[in-house]
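A short write-up of the structure that comes next.
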Amino acid sequence: MKAIETLTTKRLTLALTAALLGIGWTQTSAPHTKPGGYIIERDVEVALTEGGPHNGGGQTVGYSFFKSTPKLSLVFRKRALKPGSAIGYHEQKEDEIYYVLSGRGVMTLDGKAVDVGPGTAILTRPGSSHGLKQVGSDDLVILVNYEQAPK
């Protein structure tokens with residue numbers, strides 16, 4: 001009798017397993033999708049010494065991440081403004097975000113001077129005007145982000 005119960009239990013277990021694998025498992029599993037990939041770039045790979053953008057003057061180091069990536073409309077840059085350098089005053093054509101990582105600066109927004117430092121985020125909207133001047137002895141290091149037409 002015990003052998004029959006064991007055999008029946010094994011058959012039920014096998015039947016249940018087959019049912020779960022054959023029906024329930026396939027119904028709940030997600031289809032396999034191809035991953036989208038990723039790109040990693042480092043400061044040292046993209047750093048470029050240049051003058052202050054928009055005729056700002058002085059010396060800066062620009063880091064244009066992912067600028068050669070096809071079909072990417074997002075612009076993501078880091079810029080280190082050396083003492084005395086600036087981003088020249090200019091009219092904005094698209095939404096642009098500045099974020100201060102370190103150092104100090106004075107940002108002129110539609111003619112009004114505003115002190116900026118670490119942890120300050122600034123959104124400039126189309127039609128506004130702005131410029132940024134490094135102040136103090138330390139580099140002013142910022143992140144800049146905006147969208148452009150994909151290449």
Rounded to the nearest 0.5 Å, what's the gap from NZ on K133 to CD1 on I87? Could you check? 11.5 Å
Give the intermediate values and the outcome of side-chain contact (heavy atoms from CB on, under 4.5 Å) for residues V144 and V75. CA-CA 8 Å; V144 181; V75 173; over 6 Å; no
When you measure from the side chain of S64 to the backbone N and O of R77, does any donor-acceptor pair fall under 3.5 Å? no
Any donor-acceptor pair under 3.5 Å linking the side chain of Q134 with the backbone of G84? yes
For G117 and V100, which heavy atoms make the closest approach, and how far apart are they? O-CB, 3.2 Å
Do L101 and V61 share a hydrophobic cluster (ILVMFWY, side-chain heavy atoms under 4.5 Å, transitive)? yes
Candidate pair L132 and L140, rule side-chain contact (heavy atoms from CB on, under 4.5 Å), full reasoning: CA-CA 10 Å; L132 178 61; L140 172 60; 3.8 Å; yes
Those residues that, when tested against F65, pass side chain to side chain contact (heavy atoms under 4.5 Å, CB included) (two or more places apart): E41, D43, V46, Y63, F76, K78
Residues clustered with Y89, ILVMFWY side-chain links under 4.5 angstrom: none
Only counting residues at least two apart or in another chain, list the ones meeting side-chain hydrogen bond (donor to acceptor under 3.5 Å, both in side chains) with S85. none
Determine, using the 4.5 Å side-chain heavy-atom cutoff (strictly less than), whether V141 and V135 are members of one ILVMFWY cluster. no
Count I, L, V, M, F, W, Y as connected when their side-chain heavy atoms are under 4.5 Å apart, and connections chain through other members. Are I142 and V116 then in the same cluster? yes
Sorted by chain and number, sequence neighbours left out, salt bridge (Lys or Arg N to Asp or Glu O under 4.0 Å) with D138 holds for none
So do D139 and P83 actually touch side chain to side chain, heavy atoms under 4.5 Å? yes
Does anything in residues 100-109 form a salt bridge (Lys or Arg N to Asp or Glu O under 4.0 Å)? List the pairs, not counting sequence neighbours. none
N/O donor-acceptor pairs under 3.5 Å from side chains in residues 122-130, not counting sequence neighbours:
from, atom 1, to, atom 2, distance (Å)
T124, OG1, E96, O, 3.3
R125, NE, D95, OD1, 2.5
R125, NH2, D95, OD1, 3.4
R125, NH2, D95, OD2, 3.2
S128, OG, R125, N, 3.4
S128, OG, R125, O, 2.7
H130, NE2, H90, NE2, 3.4
H130, NE2, Q92, OE1, 3.4
H130, NE2, E96, OE1, 3.3
H130, NE2, Y98, OH, 3.0

Interatomic distance, D115 atom CG to T120 atom OG1 [nearest 0.5 angstrom]: 9.0 Å
Just verifying a value: how many Å separate L74 CG and F66 CZ, rounded to the nearest 0.5 Å? 9.0 Å
Interatomic distance, CD@Q59 vs CG@L81, rounded to 0.5 Å, equals 10.5 Å
Shortest non-hydrogen contact between A121 and Y99, atoms and distance: CB-CD1, 3.9 Å
